[in-house]
2 protein chains.
Amino acid sequence: MHMSRYVESPAEMLCFSLYAADHAMGRVYRPLLEPFGLTYPQYIVLMELADQTLPLRALGAAVGLESNTLTPLLKRMQAGGLVERRRNPEDERALMVSLTDKGRALREETKSIQACVFEATGLPLAELAALRDKINQLRGNLQRSLDPKKDPAKTP
Amino acid sequence: MHMSRYVESPAEMLCFSLYAADHAMGRVYRPLLEPFGLTYPQYIVLMELADQTLPLRALGAAVGLESNTLTPLLKRMQAGGLVERRRNPEDERALMVSLTDKGRALREETKSIQACVFEATGLPLAELAALRDKINQLRGNLQRSLDPKKDPAKTP
DNA sequence: TGCGATTAGATCGCGCACGATTAAATATAT
DNA sequence: ATATATTTAATCGTGCGCGATCTAATCGCA
């Protein structure tokens, strides 16, 4: 018995609001990132690697992507001189990914982007933070619904 | 002067929470839609066309996509027998898109999906509705920041 | 009437996202 | 010690998303 009702149009659906807002965000970012030759997922990787070297797998866990997406993305970033990819000598399976000096410099250059995006949201910072937390809570719930085994709330 | 501060990691960024939550939602939908041979954008189109025939352009405005994405998507749906694509005799530029009987039947069949997604969110309906409205407000702000001309709030 | 501008879709190229599969390195179990 | 299982990236095929461009139909206006 669900306390729900059938929704008739995409406009009423939470999934669609996420989908459309994500695309709108992408359209805001695109012209801001284009001068730096970055796509949005590349920008996220740049942020994530700013202060650490990670194996591809851990990087993927952080950004929510797997090798089938990250391998070509990282190769493009490597071709642009932004990242280094080298095997871990202790475990030749693992590919350690880190920023080059050029990558770190680019991250510094892109620091002004955040303020532009903040402005484009048209919402006060406190609301944005609350919204982010709520969306993260939703994401956590969705992920747990797919993978109930790794639920830290239920591991005694 | 912005009442903001520089954020160091993707995990703190609203854009990333949207990006990741949208992907998580997609991962919930995928196995639910796969038995029907639908992708998520196709499912949205199916919902949008349920009770109306629309020119491609208007359909695109409703779902946030343009002809370069919709044309191949609709051709795949047409190949599956779900939609009809015919030119408007009054204006041969416009392509009128509508569901076939098979398309309407498929929409009926997919009605059970919503309850599964609702459950996966793990949030009460009132919170989902509030979150959706907040995200839609954000999306409206982002879109207006890109296209300030069509702002109904400032047209006298 | 005619011709330039506008509008609507279609097409192309590139990059992301993911299911499925593969190959190689490492862990394990006997 | 060796066979088996697991883990890690890479690869492949398909579909979405979008900037840029093209063609055709329609509109506007002198």
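Values in this document were obtained by computation on a predicted structure and should not be read as measured data.
Counting any heavy atom pair closer than 4.0 Å across all strands shown, B:P55 reaches sugar-phosphate atoms only and no base atom. Among the atoms of the strands shown, only primed sugar atoms or phosphate atoms (P, OP1, OP2) are found under 4.0 Å from some heavy atom of B:L73. Counting any heavy atom pair closer than 4.0 Å across all strands shown, A:T69 reaches a base atom.
Each of A:Q42 and A:E90 has a nearest nucleotide on DNA chain C; the 5'-most of these lies closest to A:Q42. Mapping A:A58 and B:E66 onto DNA chain D by nearest heavy atom places A:A58 at the nucleotide closer to the 5' end.
Under 4.0 angstrom from either OP1 or OP2 of C:dC18 there lies no side-chain N or O belonging to B:R30. Of the side-chain N and O atoms in A:R27, one or more sit less than 4.0 angstrom from OP1 or OP2 of D:dC18. Residue A:R85 places at least one side-chain N or O under 4.0 Å from the OP1 or OP2 atom of D:dA10. Side-chain N/O atoms of A:S67 include none lying less than 4.0 angstrom from OP1 or OP2 on D:dA9. Using a 4.0 Å cut-off, some side-chain N or O of A:K75 falls inside it from OP1 or OP2 of D:dT11. A sub-4.0 Å separation between OP1 or OP2 of D:dA10 and a side-chain N or O of A:R87 is present.
A:R57 contributes no side-chain N or O that forms a donor-acceptor pair with the base of D:dT8 under 3.5 Å. In this model, no side-chain donor or acceptor of B:N68 finds a partner on the base of C:dG9 within 3.5 Å.
Heavy atoms of other residues, nucleotides or ligands lying less than 6.0 angstrom from CD of A:E84 number more than 12. The neighbour count for A:E108 CD, taken as heavy atoms of other residues, nucleotides or ligands under 6.0 Å away, is above 12. Annotation for A:R85: atom CZ counts as buried by contact number, over 12 foreign heavy atoms lying within 6.0 Å. Within 6.0 Å of atom CD in B:E66, 12 or fewer heavy atoms from other residues, nucleotides or ligands are found, so the atom counts as exposed in its surroundings.
Put simply, CG on A:L33 is 14 Å from P on D:dC18, counting in whole angstrom units. Going from atom CZ of A:R86 over to atom C1' of D:dA9 covers 17 Å, rounded to whole Å. Rounded to an integer number of Å, the gap from B:L70 CG to C:dG9 P is 10 Å. The interatomic distance linking B:L146 (CG) with D:dC18 (C1') rounds to 14 Å, in whole Å. In this entry the distance linking OH of A:Y40 with P of D:dG19 reads 17 Å, nearest Å. Atom NE2 of B:H23 is separated from atom P of C:dG19 by 12 Å (rounded to the nearest Å). The interatomic distance linking B:R93 (CZ) with C:dA10 (P) rounds to 14 Å, in whole Å. Between A:L54 atom CG and D:dT8 atom P there is a gap of 14 Å when expressed in whole angstrom units.
Using modelled atom types, one finds a donor on one side chain and an acceptor on the other under 3.5 Å when comparing B:K134 with B:Q137.
Distance from the side chain of A:L95 is smallest to D:dA9 among D:dA9, C:dA8, C:dC18. Considering only side-chain atoms of A:P41, the nucleotide from C:dA17, C:dA10, D:dA25 that sits closest is C:dA17. Nearest nucleotide to the side chain of B:T71, out of C:dA17, C:dA27, C:dA10: C:dA10. Checked against C:dA25, C:dC18, D:dC18, the side chain of B:L65 finds its nearest nucleotide in D:dC18.
Between B:K102 and B:E109 there is no salt bridge, since none of the side-chain N atoms of the basic residue sits less than 4.0 Å from a carboxylate O of the acidic one.
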